[in-house]
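First the structure, in the form of structure tokens, and then the observations on it.
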Amino acid sequence: MREIHFIKDRCVECGACKAACIAEHQKNHTIYDTISLMPMAKKRLSGNLLNSMDDVLPHPVRCVHCEEPVCVEACISGAMKKTDNRVNSKWGQCVGCFMCVMTCPYGAILPFFGKAIKCDQCLFTEKPACVRACPHNAIVFMEEDEFSRANRKMKQHESPQREAPLMRAKY
Amino acid sequence: MIKAQYLIIGNGVSGMHGAYFIRKLDRKGNITILTNEATPFYSRPLIIDVMTGKKRKDDLIILDEKKHNIYGFDLKKDVTVFHIDTKKRQAGTSVGDVKYEKLLIATGALPKKTNFERDGIFYLRTADDAERIGRYLKKVKKAIVYGGGPIGIKTVYGLLSMGIHVDVIVSSSHILSRALDRKASICFQEIFEKNGVSFYCNREIKDIIWKRGLKGIVTNRGEEIPGDIVIAGKGVKPDIGIAQDAGIMTDKGIIVDDTMRTNIDNIFAAGDAAQASSAESGEQRAENRGKKKVVSLWHVGASQGKTAGCNMAGQSRIYEGSVSSNSVEYFGVKCISMGIVEGEGYEEIVFEEGRIYKKYLFNGETLVGAVLLDNIEGAGLLLNAIRTGIPIKNSILQMHNTKSAICNEVNMEVLF
């Protein structure tokens with residue numbers, strides 16, 4: 001299963017991923033609403049992983065889609081469900097008790113207007129919106145082992161010119 | 001005589017999670033679920049919505065009977081279990097004897113009773129209770145809620161949304177006294193008072209006023225409070241009657257070890273009825289796991305049911321310990337509390353900005369408890385840190401020094 005990965009060194013904090021995320025999750029995908037809703041974009045994209053607690057860089061909150069998700073266990077309304085190896089929250093069924101926010105050990109679920117939302121990896125598109133929007137390829141969508149292989153290669157070479165393999169990688 | 005490989009008493013969250021995980025590991029075993037209610041697995045915390053009329057009882061059902069058939073669960077509704085014979089391995093019920101190989105007791109809890117049993121005094125525990133109160137509420141103009149715990153305050157919130165005036169009798173000095181710390185609960189109390197709820201703290205119900213129906217109550221300080229209905233939400237106590245009669249070791253609840261097994265080898269217990277080890281002190285080492293506690297929460301019941309189900313199906317799994325934690329939201333103000341919220345001997349670190357209030361309690365380097373008001377992001381990280389005992393004091397201090405977490409909203413405005 002492909003996942004969203006974040007390469008911190010490449011991020012220039014342009015915020016394009018956030019704008020794309022909001023536009024994608026709107027009914028008509030307009031950019032005008034996106035700009036007015038900008039402060040809320042962080043609900044979908046922000047740094048909350050334990051090892052990056054002091055980072056203010058915008059990067060996707062990555063849901064791990066755990067084997068036995070605690071958020072699904074904690075959900076009192078049955079809105080959070082795991083189907084096809086992905087954990088999804090049904091907006092209409094969520095009652096806003098925030099039990100999932102309380103139990104997720106990765107901080108991947110965030111409160112948003114009285115409902116809990118999480119990254120759904122833009123279910124109906126080929127690639128998530130943030131990945132498509134990132135001008136520096138700082139957010140990539142690939143297999144876990146493929147990413148770690150490319151990452152290892154990148155670390156071996158260390159020099160910025162040698163980063164090319166991942167930059168050229170086709171997702 | 002019904003024969004079942006796995007027998008589960010109770011179709012609450014722990015019972016159903018147990019059944020689900022048994023089915024996951026054992027595709028063929030016969031699973032029978034007994035319940036004394038008429039509804040299949042439904043969401044108990046949401047019964048307030050049934051009371052207020054926002055939802056119907058059928059809307060709360062999480063797993064309907066069609067899906068029971070898909071999973072192969074044999075659900076028997078409206079069944080009372082009278083006794084368990086641990087030697088013969090059978091349970092005496094209202095539908096005849098049921099023979100079992102392995103038994104999961106997930107009977108849950110019963111509401112704590114008041115001293116008065118009259119018409120007009122209600123308890124809120126099951127969906128049927130909620131429906132009954134909902135019917136009664138149609139002729140009610142003023143209500144009294146007894147108890148300032150999470151159940152009581154949730155009821156108050158529901159009644160307010162119906163436009164009924166509510167008085168609350170609280171036996172401690174402020175509401176939500178065990179769930180939240182003093183500052184957060186007083187914040188909520190002020191919000192409720194602004195919305196027209198009167199709280200009578202440090203009081204108990206001494207007597208009721210009865211004139212052709214319930215007309216009000218008298219507190220122990222002599223005040224007469226008029227009202228047409230009393231809803232008691234004084235908390236719950238584990239329903240362990242049949243376990244005690246069967247000779248299973250009990251204290252406050254049914255005592256279980258880390259595999260959710262009782263003192264009898266093929267009998268397991270989970271959920272509100274079980275008294276399992278707690279991970280609250282922040283230490284998960286074997287020697288510190290002796291303390292056992294009854295924690296009546298949805299997600300604790302789910303994880304206990306999961307552990308019990310796996311162990312019943314033959315896969316050994318250790319329960320990670322329960323941490324009492326609660327998440328409440330009233331009038332748009334969210335609050336999450338976890339672990340020990342108030343106590344002597346712990347180092348207290350507090351951050352405040354506007355209404356945002358964050359309190360962390362540390363035992364040395366490890367986190368033992370936290371209260372987050374209005375900004376609840378990343379609460380799961382803290383709960384995980386309490387459970388596993390990771391030292392995260394420095395990263396929390398660092399996070400607040402860089403002001404990245406406490407004023408995220410402000411940061412965003414600067415960025416864009």
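Remember, predicted model here, so these are calculated numbers, not experimental data. Letters go in sequence order (proteins before strands), and every chain restarts at 1.
Neither the backbone nor the side chain of B:Lys54 comes within less than 4.5 Å of any heavy atom in chain A. The part of B:Phe21 that comes within reach of chain A is its side chain, from C-beta onward, which places non-hydrogen atoms under 4.5 angstrom from that chain.
From B:Ser337, atom OG reaches atom CE of A:Met102 across 8.0 Å, with rounding to the nearest 0.5 Å. If you take CD1 on B:Ile376 and CZ on A:Phe98, they are separated by 5.0 Å, rounding to the nearest 0.5 Å.
The shortest heavy-atom contact between A:Val95 and B:Leu46 is CG2-CD2, 3.7 Å.
When the shell of 6.0 Å around OH of B:Tyr71 is examined, it contains 12 or fewer heavy atoms from other residues, nucleotides or ligands.
Residue pairs meeting the side chain to side chain donor-acceptor pair (under 3.5 Å) criterion with at least one member in residues 325-335 of chain B, sequence neighbours excluded: B:His299-B:Ser325.
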Please tabulate, for side-chain N and O atoms in residues 73-82 of chain A, each donor-acceptor pair with protein atoms closer than 3.5 Å (sequence neighbours left out).
residue : atom : partner  : partner atom : Å
A:Glu73 : OE2  : B:Lys306 : NZ           : 3.0
A:Ser77 : OG   : A:Gln93  : O            : 3.3
A:Lys82 : NZ   : A:Cys66  : O            : 2.6

